[in-house]
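Working notes, beginning with the structure itself.
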Amino acid sequence: MKNEIYEQAQKILSERRSRAISENDMRIQEINSRIPEIKEVNTAIFNTGKELIRTVLAGGSSDIQAKIEQIKSSNLGAQELCRKMLVANGYPADYLDVQFTCKKCSDTGSYNAAMCDCMKQLCGKLMAESLNKNAQLTLSSFDTFSLSYYSGDDYATMQRIYNFARTYAENFTPSSGSILMFGATGLGKTHLSLAIANEVLKKGYSVLYDSTINILNKIKKEDFSYEKETEMYDTVMDAELLILDDLGTEFENKMYTSTIYNIINTRLNRGKPTIISTNLDFKKIAERYDDRVASRLNTMYTCLEFHGDDVRLQQKKQNTIIKRGV
(Lines give C-alpha, C1' and ligand atoms only; values in the text may rest on other atoms or scores of the structure.)
Protein backbone atom coordinates (compact mmCIF):
# COMPACT_ATOMS: atom_id res chain seq x y z
CA MET A 1 0.00 0.00 0.00
CA LYS A 2 2.91 2.35 0.68
CA ASN A 3 3.95 2.41 -3.00
CA GLU A 4 0.37 3.09 -4.12
CA ILE A 5 0.01 5.96 -1.64
CA TYR A 6 3.39 7.41 -2.62
CA GLU A 7 2.61 7.23 -6.34
CA GLN A 8 -0.78 8.84 -5.77
CA ALA A 9 0.83 11.65 -3.77
CA GLN A 10 3.45 12.18 -6.47
CA LYS A 11 0.70 12.47 -9.08
CA ILE A 12 -1.14 15.07 -7.01
CA LEU A 13 2.03 17.12 -6.50
CA SER A 14 2.86 16.90 -10.20
CA GLU A 15 -0.62 18.17 -11.07
CA ARG A 16 -0.24 21.02 -8.55
CA ARG A 17 3.09 22.03 -10.05
CA SER A 18 1.81 21.89 -13.63
CA ARG A 19 -1.25 23.93 -12.68
CA ALA A 20 0.86 26.57 -10.90
CA ILE A 21 3.17 26.94 -13.91
CA SER A 22 0.23 27.11 -16.33
CA GLU A 23 -1.50 29.79 -14.25
CA ASN A 24 1.76 31.74 -14.10
CA ASP A 25 2.09 31.61 -17.89
CA MET A 26 -1.39 33.13 -18.18
CA ARG A 27 -0.45 35.93 -15.75
CA ILE A 28 2.68 36.65 -17.76
CA GLN A 29 0.64 36.94 -20.98
CA GLU A 30 -1.81 39.25 -19.20
CA ILE A 31 0.95 41.56 -17.92
CA ASN A 32 2.81 41.56 -21.25
CA SER A 33 -0.39 42.74 -22.89
CA ARG A 34 -1.36 45.36 -20.32
CA ILE A 35 2.07 46.66 -19.29
CA PRO A 36 4.53 46.35 -22.23
CA GLU A 37 7.28 48.01 -20.17
CA ILE A 38 7.37 45.03 -17.84
CA LYS A 39 7.77 42.70 -20.82
CA GLU A 40 10.88 44.66 -21.77
CA VAL A 41 12.26 44.34 -18.24
CA ASN A 42 11.56 40.58 -18.20
CA THR A 43 13.29 40.22 -21.56
CA ALA A 44 16.32 41.98 -20.08
CA ILE A 45 16.26 39.61 -17.10
CA PHE A 46 16.12 36.64 -19.47
CA ASN A 47 19.06 37.95 -21.49
CA THR A 48 21.19 38.54 -18.38
CA GLY A 49 20.40 34.98 -17.35
CA LYS A 50 21.76 33.70 -20.68
CA GLU A 51 24.80 35.94 -20.29
CA LEU A 52 25.43 34.50 -16.83
CA ILE A 53 25.37 30.97 -18.22
CA ARG A 54 27.78 31.89 -21.03
CA THR A 55 30.14 33.54 -18.55
CA VAL A 56 30.18 30.48 -16.28
CA LEU A 57 30.72 28.10 -19.21
CA ALA A 58 33.50 30.24 -20.65
CA GLY A 59 35.56 30.18 -17.43
CA GLY A 60 39.28 30.87 -17.50
CA SER A 61 39.02 34.61 -16.94
CA SER A 62 40.66 36.00 -13.80
CA ASP A 63 37.81 38.38 -13.20
CA ILE A 64 35.02 35.85 -13.90
CA GLN A 65 33.68 36.03 -10.34
CA ALA A 66 33.40 39.82 -10.56
CA LYS A 67 31.52 39.50 -13.86
CA ILE A 68 29.15 36.94 -12.36
CA GLU A 69 28.42 39.21 -9.39
CA GLN A 70 27.87 42.15 -11.74
CA ILE A 71 25.37 40.18 -13.83
CA LYS A 72 23.57 38.92 -10.69
CA SER A 73 23.33 42.47 -9.33
CA SER A 74 21.92 43.72 -12.62
CA ASN A 75 19.39 40.88 -12.66
CA LEU A 76 18.25 41.56 -9.10
CA GLY A 77 17.88 45.25 -9.90
CA ALA A 78 15.70 44.45 -12.91
CA GLN A 79 13.54 42.11 -10.82
CA GLU A 80 13.02 44.80 -8.18
CA LEU A 81 12.09 47.32 -10.90
CA CYS A 82 9.55 44.82 -12.28
CA ARG A 83 7.98 44.41 -8.85
CA LYS A 84 7.69 48.17 -8.37
CA MET A 85 6.03 48.54 -11.77
CA LEU A 86 3.52 45.81 -10.88
CA VAL A 87 2.58 47.56 -7.63
CA ALA A 88 2.33 50.91 -9.41
CA ASN A 89 -0.21 49.34 -11.78
CA GLY A 90 -2.33 47.85 -9.01
CA TYR A 91 -0.91 44.31 -8.96
CA PRO A 92 0.74 42.44 -6.07
CA ALA A 93 4.54 42.60 -6.16
CA ASP A 94 4.74 38.80 -6.54
CA TYR A 95 2.08 38.57 -9.27
CA LEU A 96 4.56 37.11 -11.77
CA ASP A 97 6.06 34.61 -9.33
CA VAL A 98 4.98 30.98 -9.76
CA GLN A 99 2.50 30.35 -6.92
CA PHE A 100 3.40 26.84 -5.84
CA THR A 101 1.33 25.27 -3.06
CA CYS A 102 4.51 24.43 -1.17
CA LYS A 103 7.00 27.29 -1.21
CA LYS A 104 9.73 25.07 0.23
CA CYS A 105 9.95 22.36 -2.45
CA SER A 106 8.03 24.09 -5.29
CA ASP A 107 5.61 21.13 -5.36
CA THR A 108 8.31 18.61 -6.24
CA GLY A 109 7.92 16.68 -2.97
CA SER A 110 11.67 16.80 -2.34
CA TYR A 111 13.69 19.30 -0.33
CA ASN A 112 17.42 19.14 0.44
CA ALA A 113 17.61 15.60 -1.00
CA ALA A 114 14.90 14.38 1.40
CA MET A 115 11.11 14.01 1.36
CA CYS A 116 9.49 17.40 1.90
CA ASP A 117 7.05 17.87 4.78
CA CYS A 118 4.24 18.56 2.27
CA MET A 119 4.82 15.10 0.74
CA LYS A 120 4.76 13.46 4.17
CA GLN A 121 1.52 15.24 5.07
CA LEU A 122 -0.09 14.35 1.75
CA CYS A 123 0.87 10.67 2.12
CA GLY A 124 -0.57 10.69 5.65
CA LYS A 125 -3.81 12.21 4.45
CA LEU A 126 -4.17 9.71 1.61
CA MET A 127 -3.38 6.82 3.96
CA ALA A 128 -6.01 8.00 6.45
CA GLU A 129 -8.59 8.32 3.68
CA SER A 130 -7.82 4.78 2.55
CA LEU A 131 -8.19 3.41 6.09
CA ASN A 132 -11.39 5.37 6.73
CA LYS A 133 -13.09 3.57 3.84
CA ASN A 134 -12.97 0.40 5.92
CA ALA A 135 -13.87 2.05 9.22
CA GLN A 136 -16.72 0.70 11.33
CA LEU A 137 -18.14 4.22 11.56
CA THR A 138 -20.01 6.59 9.25
CA LEU A 139 -19.53 10.36 9.28
CA SER A 140 -22.39 12.39 10.76
CA SER A 141 -23.49 16.04 10.80
CA PHE A 142 -24.16 18.70 13.40
CA ASP A 143 -27.44 19.43 11.62
CA THR A 144 -28.78 15.96 12.41
CA PHE A 145 -27.95 16.15 16.13
CA SER A 146 -31.18 16.89 18.01
CA LEU A 147 -31.29 18.39 21.49
CA SER A 148 -34.99 17.51 21.76
CA TYR A 149 -34.09 14.21 23.46
CA TYR A 150 -32.70 16.05 26.49
CA SER A 151 -34.53 18.04 29.17
CA GLY A 152 -33.88 20.17 32.24
CA ASP A 153 -30.28 20.31 33.42
CA ASP A 154 -29.38 17.61 30.89
CA TYR A 155 -30.56 19.87 28.09
CA ALA A 156 -28.42 22.77 29.31
CA THR A 157 -25.38 20.50 29.63
CA MET A 158 -25.82 18.98 26.19
CA GLN A 159 -26.42 22.36 24.60
CA ARG A 160 -23.08 23.57 25.98
CA ILE A 161 -21.36 20.42 24.72
CA TYR A 162 -22.97 20.76 21.28
CA ASN A 163 -21.91 24.42 21.01
CA PHE A 164 -18.37 23.57 22.14
CA ALA A 165 -18.06 20.76 19.58
CA ARG A 166 -19.35 22.93 16.75
CA THR A 167 -17.02 25.80 17.63
CA TYR A 168 -14.11 23.36 17.92
CA ALA A 169 -14.82 22.03 14.42
CA GLU A 170 -15.21 25.51 12.92
CA ASN A 171 -11.93 26.76 14.42
CA PHE A 172 -9.93 23.54 14.09
CA THR A 173 -6.21 23.67 13.42
CA PRO A 174 -3.61 20.89 13.75
CA SER A 175 -2.67 22.42 17.11
CA SER A 176 -6.20 22.37 18.57
CA GLY A 177 -6.60 20.68 21.94
CA SER A 178 -7.75 17.12 22.57
CA ILE A 179 -11.21 16.11 23.79
CA LEU A 180 -12.53 13.31 25.98
CA MET A 181 -16.25 12.61 25.57
CA PHE A 182 -17.53 10.31 28.31
CA GLY A 183 -20.84 9.23 29.78
CA ALA A 184 -23.45 6.50 29.47
CA THR A 185 -24.18 4.80 26.15
CA GLY A 186 -26.50 6.35 23.57
CA LEU A 187 -26.01 10.02 24.48
CA GLY A 188 -24.47 11.27 21.22
CA LYS A 189 -20.73 10.98 21.84
CA THR A 190 -20.04 9.17 18.57
CA HIS A 191 -22.41 11.44 16.65
CA LEU A 192 -20.68 14.65 17.76
CA SER A 193 -17.14 13.29 17.36
CA LEU A 194 -17.91 12.21 13.79
CA ALA A 195 -19.63 15.51 13.06
CA ILE A 196 -16.36 17.19 14.06
CA ALA A 197 -14.48 14.76 11.79
CA ASN A 198 -16.78 15.64 8.90
CA GLU A 199 -16.14 19.38 9.24
CA VAL A 200 -12.39 19.00 9.74
CA LEU A 201 -12.14 16.79 6.63
CA LYS A 202 -13.89 19.52 4.63
CA LYS A 203 -11.08 21.87 5.65
CA GLY A 204 -8.60 19.52 3.99
CA TYR A 205 -6.94 18.11 7.11
CA SER A 206 -6.02 14.45 7.55
CA VAL A 207 -8.48 12.74 9.91
CA LEU A 208 -8.38 9.11 11.00
CA TYR A 209 -11.53 7.83 12.68
CA ASP A 210 -12.60 4.36 13.75
CA SER A 211 -13.54 2.28 16.77
CA THR A 212 -10.70 1.80 19.21
CA ILE A 213 -10.78 -1.97 18.80
CA ASN A 214 -10.56 -1.72 15.01
CA ILE A 215 -7.55 0.58 15.16
CA LEU A 216 -5.83 -1.57 17.78
CA ASN A 217 -6.43 -4.71 15.73
CA LYS A 218 -4.84 -3.12 12.66
CA ILE A 219 -1.79 -2.06 14.67
CA LYS A 220 -1.57 -5.56 16.15
CA LYS A 221 -1.81 -7.13 12.71
CA GLU A 222 1.11 -5.00 11.54
CA ASP A 223 3.15 -5.78 14.63
CA PHE A 224 2.80 -9.52 14.10
CA SER A 225 3.18 -9.45 10.33
CA TYR A 226 6.21 -10.95 8.64
CA GLU A 227 7.20 -7.61 7.06
CA LYS A 228 6.87 -5.71 10.39
CA GLU A 229 5.27 -2.75 8.59
CA THR A 230 4.30 0.42 10.47
CA GLU A 231 1.83 2.08 8.07
CA MET A 232 -1.11 1.96 10.48
CA TYR A 233 0.94 2.93 13.51
CA ASP A 234 2.53 5.87 11.66
CA THR A 235 -0.85 7.07 10.38
CA VAL A 236 -2.36 6.92 13.88
CA MET A 237 0.50 8.99 15.27
CA ASP A 238 0.74 11.46 12.37
CA ALA A 239 -2.93 12.17 11.54
CA GLU A 240 -3.80 15.81 12.08
CA LEU A 241 -6.88 14.61 13.97
CA LEU A 242 -7.38 11.13 15.44
CA ILE A 243 -10.77 9.92 16.67
CA LEU A 244 -10.90 6.82 18.88
CA ASP A 245 -14.49 5.71 19.41
CA ASP A 246 -15.70 3.49 22.26
CA LEU A 247 -12.52 3.29 24.29
CA GLY A 248 -12.90 0.44 26.77
CA THR A 249 -14.83 -1.99 24.56
CA GLU A 250 -11.64 -3.65 23.30
CA PHE A 251 -10.31 -6.84 24.87
CA GLU A 252 -8.21 -6.37 27.98
CA ASN A 253 -4.60 -7.34 27.40
CA LYS A 254 -1.18 -5.81 27.99
CA MET A 255 -0.54 -5.12 24.32
CA TYR A 256 -3.72 -3.06 23.89
CA THR A 257 -3.21 -1.24 27.20
CA SER A 258 0.36 -0.34 26.26
CA THR A 259 -0.68 0.80 22.79
CA ILE A 260 -3.48 3.02 24.15
CA TYR A 261 -1.06 4.73 26.53
CA ASN A 262 1.50 5.15 23.75
CA ILE A 263 -1.05 6.70 21.38
CA ILE A 264 -2.31 9.16 23.98
CA ASN A 265 1.15 10.08 25.26
CA THR A 266 2.89 10.35 21.87
CA ARG A 267 0.20 12.51 20.31
CA LEU A 268 0.17 14.81 23.35
CA ASN A 269 3.95 15.17 23.11
CA ARG A 270 3.64 16.00 19.42
CA GLY A 271 0.86 18.50 20.08
CA LYS A 272 -1.57 16.58 17.86
CA PRO A 273 -5.30 16.64 18.76
CA THR A 274 -7.18 13.45 19.60
CA ILE A 275 -10.87 12.93 20.33
CA ILE A 276 -11.74 9.91 22.50
CA SER A 277 -15.24 8.72 23.34
CA THR A 278 -15.91 6.20 26.10
CA ASN A 279 -18.60 4.91 28.44
CA LEU A 280 -16.01 4.72 31.23
CA ASP A 281 -15.58 7.33 33.96
CA PHE A 282 -12.14 8.32 35.28
CA LYS A 283 -12.17 5.72 38.05
CA LYS A 284 -12.85 2.91 35.58
CA ILE A 285 -10.30 4.29 33.12
CA ALA A 286 -7.66 4.21 35.87
CA GLU A 287 -8.66 0.67 36.85
CA ARG A 288 -8.64 -0.64 33.28
CA TYR A 289 -5.52 1.12 31.96
CA ASP A 290 -3.62 2.84 34.77
CA ASP A 291 -3.35 6.16 36.58
CA ARG A 292 -1.06 7.59 33.89
CA VAL A 293 -3.76 7.30 31.22
CA ALA A 294 -6.49 8.65 33.52
CA SER A 295 -4.25 11.52 34.61
CA ARG A 296 -3.39 12.59 31.07
CA LEU A 297 -7.02 12.47 29.98
CA ASN A 298 -8.18 14.36 33.07
CA THR A 299 -5.56 17.11 32.98
CA MET A 300 -4.56 17.49 29.31
CA TYR A 301 -7.87 16.87 27.50
CA THR A 302 -11.02 18.98 27.51
CA CYS A 303 -13.41 16.62 29.32
CA LEU A 304 -17.06 16.65 28.24
CA GLU A 305 -19.40 14.56 30.39
CA PHE A 306 -22.59 13.66 28.52
CA HIS A 307 -25.90 13.51 30.42
CA GLY A 308 -29.40 12.30 29.62
CA ASP A 309 -31.35 9.19 28.73
CA ASP A 310 -30.30 6.80 25.97
CA VAL A 311 -31.32 8.54 22.73
CA ARG A 312 -31.46 5.29 20.80
CA LEU A 313 -33.98 3.83 23.26
CA GLN A 314 -36.07 6.99 23.02
CA GLN A 315 -36.02 6.80 19.23
CA LYS A 316 -37.00 3.12 19.35
CA LYS A 317 -39.97 3.89 21.61
CA GLN A 318 -41.09 6.72 19.33
CA ASN A 319 -40.85 4.48 16.25
CA THR A 320 -42.86 1.77 18.02
CA ILE A 321 -45.58 4.27 18.92
CA ILE A 322 -45.72 5.52 15.31
CA LYS A 323 -46.02 1.96 13.95
CA ARG A 324 -48.87 1.21 16.34
CA GLY A 325 -50.59 4.40 15.28
CA VAL A 326 -50.78 5.72 18.83
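Just so it is clear, the values below take in all heavy atoms, side chains as well, and ignore hydrogens, waters and symmetry mates.
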Go through it in stages, so that I can follow the logic: the residues are Y256 and N217, the test is side-chain hydrogen bond (donor to acceptor under 3.5 Å, both in side chains), and I'd like the CA-CA distance, side-chain angles, deciding distance and then a yes or no. CA-CA 9 Å; Y256 284 167; N217 281 339; 2.3 Å; yes

Full working for side-chain hydrogen bond (donor to acceptor under 3.5 Å, both in side chains) between T108 and S110: CA-CA 5 Å; T108 62; S110 179; 5.3 Å; no

Under the side-chain hydrogen bond (donor to acceptor under 3.5 Å, both in side chains) criterion, do D246 and S211 qualify, and how do the steps go? CA-CA 6 Å; D246 257 351; S211 65; over 6 Å; no

Could you go through the side-chain hydrogen bond (donor to acceptor under 3.5 Å, both in side chains) check for Y91 and R34 one step at a time? CA-CA 11 Å; Y91 290 91; R34 293 186 176 184; 3.0 Å; yes

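Put simply, OG1 on T212 and CD1 on I276 are 7.0 Å apart, with the number rounded to the nearest 0.5 Å. To the nearest 0.5 Å, the span separating OG on S148 from CE on M158 amounts to 12.0 Å. Between the CG atom of L241 and the CG atom of L208 there is a distance of 9.0 Å, given to the nearest 0.5 Å. For the atom pair CG (L139) and CD1 (I196), the distance works out to 12.0 Å, reported to the nearest 0.5 Å. I161 CD1 to E305 CD: the interatomic distance, rounded to the nearest 0.5 Å, is 8.0 Å.
A donor-acceptor pair under 3.5 Å links the side-chain atoms of D290 to the main chain of V293, judged by distance alone. Side-chain atoms of E287 do not come within 3.5 Å of backbone N or O of I285 as any donor-acceptor pair. No donor-acceptor distance shorter than 3.5 angstrom exists from the side chain of S206 to the backbone of K125, with no hydrogens or angles considered. Formation of a donor-acceptor pair under 3.5 Å by the T167 side chain with backbone atoms of F164 is not found in this model. Y209 places no side-chain N or O within 3.5 Å of a backbone atom of D245 that could act as its donor or acceptor partner. A donor-acceptor pair under 3.5 Å links the side-chain atoms of R27 to the main chain of Y95, judged by distance alone. Within the 3.5 Å criterion, the main-chain N or O of M181 finds no donor-acceptor partner in the side chain of Y301. With S18 contributing its side chain and S14 its backbone, the two residues share a donor-acceptor pair below 3.5 Å. Side chain of K203 to main chain of E170: a donor-acceptor pair is present (N/O by atom type, distance under 3.5 Å, no hydrogens or angles).
Look at D143 and R166 and you find a salt bridge, because one of the NZ, NE, NH1 or NH2 atoms lies within 4.0 Å of a carboxylate O, short of that distance. A salt bridge is absent between K283 and D281: the closest approach of a Lys/Arg side-chain nitrogen to an acidic carboxylate oxygen does not fall below 4.0 angstrom.
For the salt bridge (Lys or Arg N to Asp or Glu O under 4.0 Å) test with D238, the passing option among R270, R267, K120 is R270; the others fail.
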Show me, pair by pair, the donor-acceptor contacts under 3.5 angstrom made by side chains of residues 100-107, not counting sequence neighbours?
| unit_1 | atom_1 | unit_2 | atom_2 | d |
| --- | --- | --- | --- | --- |
| K103 | NZ | Q99 | OE1 | 3.2 |
| K103 | NZ | F100 | O | 3.3 |
| K104 | NZ | D117 | OD2 | 3.2 |
| D107 | OD1 | T101 | N | 3.3 |
| D107 | OD1 | C102 | N | 2.9 |
| D107 | OD2 | T101 | N | 2.9 |

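Using cut-offs of 30° and 60° for the angle between ring planes, the F145 and H191 rings count as perpendicular.
For K202, the side-chain contact (heavy atoms from CB on, under 4.5 Å) test picks out N198, E199, with sequence neighbours left out.
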